[in-house]
Asks: 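Could you have a look at this structure, given as structure tokens, before my questions?
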Amino acid sequence: MTLPDGATMDLPRGSTAGDVAARIGAGLARAALAAKVNGAVVDLGRPIEDDATMEIVTRKSPEALDVLRHSAAHVLATAVRKVRPGAGIGFGPAIEDGFYYDFEVDEPFTPDELERIEEEMRAVASAEHPFERKVVSKAEARELFADDPLKLERLEELAEDEVISVYRNGPFLDLCRGPHLAGTGEVKHFRLLNTAGAYWRGDERRQMLQRIYGTAWFTEEDLEDYLDRLEEARKRDHRVIGKQLDLFSIQDAVGPGLVFWHPNGAMIKWLLTRAVEEDNVRSGYELVYTPNITREELFRISGHLPLYESNQYPPMAAGAGEDEDVRYRVKPMNCPMHALVYKARPRSYRDLPLRLSEVANVYRNEKSGTLHGLLRVRGLSMDDAHIFCTLDQAEDEIFLCLEQVDRLVRQAFGFELSFDVSTRPPERLGDDATWERAEALLMRALERKEIPFDVDAGGGAFYGPKIDIKFRDAIGRTWQGPTIQLDFQLPERFELEYTGADNRPHRPVMIHRAIYGTLERFIGNLIEHFAGAFPTWLAPEQVRVLPITDAQRDDAAAFVRELRDAGVRAHLDDRSETLGYRIRDGETHKVPYMAVLGERETEAGTVAVRKRGAGRKQEVLDRAAFAERVAEEIRTRALE
RNA sequence: GCUGACGUAGCUCAGUUGGCAGAGCAGCUGAUUUGUAAUCAGCAGGUCGUGGGUUCGAGUCCCACCGUCAGCUCCA
């Protein structure tokens with residue numbers, strides 16, 4: 001046996017990992033949960049037949065929580081079988097922060113029942129049944145799971161030479177690869193969280209099972225921390241903050257997934273739009289505005305119909321008159337429109353790259369169950385752009401897109417980015433050689449910028465491969481953000497051409513790219529990232545001026561005008577309320593600065609500045625200096 | 001779209017076995033003139049998501065629809 005420190009140990013054939021831990025020391029034996037043998041995590045009790053490198057897994061090991069949670073899933077299934085004797089069992093894996101198990105039951109679980117099941121789990125845990133592994137033949141397994149059709153289905157998919165193992169804990173037997181903890185007694189700190197329907201094998205054509213989600217940890221403290229984290233995420237929920245700060249609404253009278261931007265939210269949207277448009281113009285993009293509806297034929301040419309049709313709103317008639325039979329569609333994407341701008345006049349190689357940008361509203365008929373606040377909507381504002389260029393230019397253009405992403409997302413908000421190259425999906429247009437070229441090109445641009453990336457095989461759009469960029473927010477969640485897509489198809493379909501230096505026609509390639517993705521989703525992410533406390537440049541209200549008594553009212557109003565002249569969004573709060581009340585109101589509305597004017601300040605021509613979240617720490621400043629400081633913060637789009 | 005839970009004042013929520021629709025906050029009015037996270041009093045605010053049904057009587061029970069939420073599937 002070779003240990004992590006390089007030491008070797010001789011043991012009789014068939015010794016277990018637990019034996020190794022015991023040989024090393026009693027402390028390690030107590031802490032041992034599982035073992036990693038030749039890189040694979042196995043049970044402590046598993047006999048080891050050959051020479052191997054091994055490492056003892058304790059609760060500090062990265063794999064430990066997975067083992068715990070997988071065992072917790074079995075404890076859950078054991079409990080469910082007690083409460084619902086005939087329940088069919090599907091899969092029950094460990095997932096990030098917890099576990100789930102899918103059950104086939106006649107009646108879905110009720111919330112009350114969930115509590116009973118959790119109690120039952122505690123009984124299963126205190127029974128301290130060992131997890132016993134047994135290797136069986138396929139025939140034996142068929143017999144053992146004769147009453148479990150879901151397990152049988154899984155069983156039949158296993159290769160003939162695969163080792164089939166089953167695990168027993170007390171009354172519960174599962175077809176399972178393992179590994180598990182020594183016994184159910186080690187599953188101590190857990191909580192069932194919710195239930196939901198889930199399709200068997202994730203296939204919407206198959207039956208729906210009832211999934212129970214839970215979380216499990218090694219200590220009660222870790223469990224509490226996790227539940228606090230859930231609570232923190234709930235408080236940051238952009239739907240909650242959006243209401244508190246009066247940023248936006250979604251109204252039944254109009255329909256789900258369609259956003260009303262109220263003045264505060266509209267200010268944020270406008271500022272972001274301006275930021276990306278300014279950067280676009282500086283980066284050599286040109287602005288265009290294109291129609292929101294079009295003859296349906298356009299989407300036949302582009303290939304969206306029928307491939308994208310399930311996401312498009314149904315066609316509408318052109319209306320009374322001779323056009324009655326012409327069908328129109330609301331646009332779900334801008335690319336065909338921008339292709340038509342390209343095509344509106346003959347293009348020369350000297351025109352390329354031609355970069356057309358538009359922050360445009362598009363509408364997608366998303367399935368109702370997928371809608372979620374601002375993060376998944378039906379009416380989207382995309383900060384869209386299409387670059388028409390030669391194949392030789394494409395790599396450079398993508399490189400420039402990556403730099404724009406870096407400026408507008410990473411630098412501007414401090415987001416940490418991660419990159420995925422999504423390659424050809426099963427349903428696609430175009431031949432494999434073209435796809436091959438396109439995929440290679442994207443990867444070269446990333447390598448040139450020395451950006452590490454993962455490959456999402458099969459994740460590309462139907463018209464081309466893409467770079468999907470995710471960013472990580474303040475509480476560690478990752479979100480889909482910018483996307484850069486290469487497209488050989490649309491130029492083909494629209495027969496786009498340019499005249500080359502050789503005076504002959506050539507076909508350009510097209511790059512689709514969005515930096516924020518959609519303003520809706522991005523603002524939703526920003527709300528949660530900042531928990532509503534936007535940096536000053538994005539805050540709808542930047543300074544709130546508070547006169548202490550009516551005697552400072554005129555002075556305060558004059559100071560508001562002074563701030564506005566300096567380009568600061570300032571408001572006067574001269575309500576007949578105590579200063580404490582108005583301070584509290586300003587804090588709950590996340591206003592970056594409150595400027596208090598009392599008798600002292602009025603006499604001295606100063607202002608007492610309270611920074612958001614700073615409590616009683618205040619600064620008395622010269623008024624012009626304060627206005628200049630805020631203006632500077634806005635101009636530089638400072639984060640702090 | 002599918003499964004489940006839930007829809008009561010602007011917001012957060014209470015409403016018993018079916019028997020007069022409530023509270024706090026927000027709003028309005030008045031008093032108060034306030035020195036850094038809630039001053040006091042009064043007033044107003046409801047087709048209990050919508051439409052049917054059961055019942056002497058429905059916020060409460062049943063059905064359908066709309067919407068929200070948690071997931072599944074899908075995705076910017």
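Proteins get letters first, then strands, A, B, ... in listed order; numbering begins at 1 in each.
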Asks: Please compare V596(A) and Y199(A) by the position of their nearest nucleotide in RNA chain B and report the one closer to 5'.
Replies: Y199(A)
Asks: Does a side-chain N or O of R575(A) approach OP1 or OP2 of A26(B) to a distance below 4.0 Å, or not?
Replies: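 So the side-chain polar atoms of R575(A) never come under 4.0 Å of the phosphate oxygens OP1 or OP2 of A26(B).
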Asks: Ignoring the backbone of E587(A), work out which of A37(B), C69(B), G67(B) is nearest its side chain.
Replies: A37(B)
Asks: Could you state the CZ-C1' distance from R378(A) to C74(B), rounded to the nearest angstrom?
Replies: 13 Å
Asks: Do R582(A) and A38(B) share a donor-acceptor pair, side chain to base, under 3.5 Å?
Replies: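 By the distance-only test, no, there is no pair.
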Asks: Test for a donor-acceptor pair under 3.5 Å between the base of C74(B) and the side chain of R376(A), counting only N and O atoms.
Replies: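 Answer yes: a donor N or O sits under 3.5 Å from an acceptor.
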Asks: Which of the following nucleotides, U73(B), C72(B), U12(B), is nearest to the side chain of E204(A)?
Replies: U73(B)
Asks: Assess the side chains of D487(A) and H512(A): does a donor N or O sit below 3.5 Å from an acceptor N or O?
Replies: yes
Asks: How long is the line joining CG of L114(A) and C1' of C6(B), in whole Å?
Replies: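 Going from CG in L114(A) over to C1' in C6(B) covers 16 Å.
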Asks: Just checking, any donor-acceptor pair under 3.5 angstrom between side chains of E358(A) and H338(A)?
Replies: yes
Asks: With hydrogens left out and only the distance checked, is there a donor-acceptor pair under 3.5 Å joining Q618(A)'s side chain and the base of U36(B)?
Replies: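 Present.
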Asks: Does A70(B) have OP1 or OP2 under 4.0 Å away from a side-chain N or O of H372(A)?
Replies: yes
Asks: Does OP1 or OP2 of C72(B) have a side-chain N or O of K367(A) closer than 4.0 Å?
Replies: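 No, no such contact exists.
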Asks: Of all the nucleotides listed (U32(B), G1(B), C11(B)), which has the minimum atom distance to the side chain of S576(A)?
Replies: U32(B)
Asks: Ignoring hydrogens and angles, answer whether the base of C75(B) and the side-chain atoms of R521(A) contain a donor-acceptor pair closer than 3.5 Å.
Replies: yes
